[in-house]
Number of protein chains: 2
Amino acid sequence: MSRLEYDGRMSLRHAALGLLTLGPASGYDLLQTFNGSLANVWPATQSQLYGELGKLAEAGLVTVTEEGARRRKEYALTDAGLAELKHWLIEVEPTAVRRSDMLLRVFFLGVVEPAQADEFLRKREAGAAEYHDSLRATEEAIAPETADLAVYGRIALEWGLRFTAMQREWAAWAQEELARTLKSQPSG
Amino acid sequence: MSRLEYDGRMSLRHAALGLLTLGPASGYDLLQTFNGSLANVWPATQSQLYGELGKLAEAGLVTVTEEGARRRKEYALTDAGLAELKHWLIEVEPTAVRRSDMLLRVFFLGVVEPAQADEFLRKREAGAAEYHDSLRATEEAIAPETADLAVYGRIALEWGLRFTAMQREWAAWAQEELARTLKSQPSG
DNA sequence: CGAGCCATGTAAAGAGTTACATGATTGC
DNA sequence: GCAATCATGTAACTCTTTACATGGCTCG
């Protein structure tokens with residue numbers, strides 16, 4: 001049981017701990033969740049997850065509760081694991097700055113033709129709209145049976161809906177702004 | 001001049017190329033920009049940047065145009081570098097899914113007491129408001145002298161303003177939603 | 001008995017952070 | 001001369017992705 005440095009940077013660790021609060025699960029089980037409901041928030045690969053579960057077990061934050069067929073190992077959260085999860089939830093500040101390669105591109109759109117910049121913005125608008133619709137579909141699929149359950153899941157989903165709406169509106173606005181600027185100063 | 005694999009994942013590379021479209025600069029110069037106007041979009045460390053400039057030079061996307069005092073090396077974009085930048089801008093799709101450790105925490109807020117979850121949301125609201133104000137201050141500081149210049153910089157800034165406004169509103173809404181849910185079903 | 005899913009793992013490389021190290025030049 | 005700033009670099013580590021490898025179980 002060796003030490004792990006927990007300084008809050010590593011969220012896959014905490015995602016795994018969080019999922020294990022719902023009950024014991026194997027790496028394979030957890031991977032389904034990462035590819036499913038967590039795909040939009042914190043995607044993870046099989047390789048990374050298995051490695052992390054090994055480290056968590058070694059550090060005593062999870063334990064192997066059962067070894068089943070096909071080498072299946074079922075992991076459960078320990079008290080230390082739950083404590084670490086709560087610590088991360090409440091005491092570690094979420095990352096403030098987030099990299100955006102989309103926005104980075106916007107910064108340099110002056111390098112290409114205005115028509116291409118406009119096309120870029122149109123694609124963002126369409127992409128955001130599409131994403132928004134898929135989230136809306138998700139909401140309608142899960143909402144009925146979980147009326148007052150899963151408050152936090154609904155709150156997270158709402159973030160996605162608002163984010164995609166904001167991005168769509170911004171991209172539409174930016175196209176107008178660009179057109180306006182080019183009109184008044186064609187060398188823009 | 002060795003080959004570099006450019007599959008669009010690596011944006012620091014393109015951020016450096018983009019900055020060099022504004023004119024030749026040293027690693028040190030570029031670093032000031034990364035810590036300044038690009039800090040909110042694509043932060044970079046000194047270590048990473050110097051390494052990357054070396055690789056870019058080796059790959060022929062930039063060249064050393066001048067060696068000044070204090071070992072200073074000034075880099076300039078090459079035709080190949082500009083072509084790569086344009087390719088990345090227009091033909092490589094921006095990352096769709098972005099990890100959010102903030103949202104990941106929201107997913108697991110059920111693990112802690114509702115009062116702590118509420119405090120978490122209040123902090124998000126306050127943080128977003130503060131961030132929004134600092135962006136607004138930036139806008140007011142740069143807007144006058146750059147009326148019709150730097151369209152794309154203003155468009156990127158607007159994204160930040162809209163994003164922080166959205167996050168503030170969402171966090172406020174989420175607090176109400178949480179209170180509502182707990183009221184109707186105290187075991188939440 | 002073979003296709004397909006269940007289940008775990010390793011290896012290698014890319015991308016990013018932190019810490020440390022070094023030396024030159026400018027300005028007081 | 002000494003402090004601050006300019007300027008570059010290396011080493012070690014963490015996190016993430018992609019690819020490859022292996023084998024067990026189930027069902028038709």
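Predicted model, so just to flag it, every value in this text is computed and none were measured. In what follows, every chain begins at residue 1, and chains take the letters A, B, ... in the order their sequences are listed.
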Verify the distance criterion only: is there a donor paired with an acceptor across the side chains of B:E84 and B:H14 at less than 3.5 Å?
yes

Under 3.5 Å: donor-acceptor pair, side chain of B:T21, backbone of B:L17
no

Does anything in residues 33-48 of chain B reach DNA chain C, meaning a heavy atom under 4.0 Å, and if so which residues?
B:W42, B:T45, B:S47, B:Q48

Is it the case that one hydrophobic cluster holds both A:L20 and A:L31, taking links as side-chain heavy atoms less than 4.5 Å apart, direct or via other members?
yes

Would you mind reading off the distance between A:E74 atom CD and C:dC6 atom C1', rounded to a whole angstrom?
14 Å

Do side-chain atoms of A:D101 reach the backbone of B:S11 as a donor and acceptor pair under 3.5 angstrom?
no

Can you check the A:E52 CD to C:dT8 P distance for me, whole Å?
15 Å

Distance below 4.0 Å between B:R13 side-chain N/O and C:dA15 OP1 or OP2
yes

Is the ring pair A:W170/B:W159 parallel, tilted or perpendicular, if the boundaries are 30 and 60 degrees?
perpendicular

Nucleotide C:dA24, atom C1' - distance to CD of B:E67 in whole Å
15 Å

Verify the contact: side-chain N or O of A:Y50 to OP1 or OP2 of C:dT8, cut-off strictly under 4.0 Å; return yes or no.
yes

Which whole-number value in Å describes the distance from A:L104 CG to C:dG16 P?
11 Å

Nearest-0.5 Å distance that lies between atom CD in B:E119 and atom CG in B:L109:
11.0 Å

B:Q48: what forms a side-chain hydrogen bond (donor to acceptor under 3.5 Å, both in side chains) with it, not counting sequence neighbours?
none

Starting from C1' on C:dG9, measure out to CG on A:L56 and report it in whole angstrom.
16 Å

For DNA chain D, determine which residues of residues 20-30 of chain A have any heavy atom closer than 4.0 angstrom to one of its atoms, and list them numerically.
none

Salt-bridge present (B:E177, A:R154; N to O < 4.0 Å):
yes

Closest to side chain of B:R70, choosing from D:dA7, C:dA7, C:dG16
D:dA7

I want to check one thing: is the phosphate of D:dC25, taken as OP1 and OP2, less than 4.0 Å away from some side-chain N or O of A:R71?
no

Phosphate oxygens OP1/OP2 of D:dA7: is one of them under 4.0 Å from a side-chain N or O of B:R72?
yes

Specify the separation, in whole Å, of atom CG of B:L49 and atom C1' of D:dT10.
15 Å

In whole Å, I'd like the distance from the CG atom of A:L31 to the P atom of D:dT18.
14 Å

To the nearest 0.5 Å, what is the distance between CG on B:L38 and CZ on A:R99?
10.5 Å

Within less than 4.0 Å of OP1 or OP2 of C:dG9, is there a side-chain N or O belonging to A:K73?
yes

Between atom CG of B:L77 and atom CG of B:L61, what is the distance when rounded to the nearest 0.5 Å?
8.0 Å

Contact under 4.0 Å: B:R99 side-chain N or O vs D:dT17 OP1/OP2
yes

How close or far is atom P of C:dG14 from atom NZ of B:K55, stated in whole angstroms?
8 Å

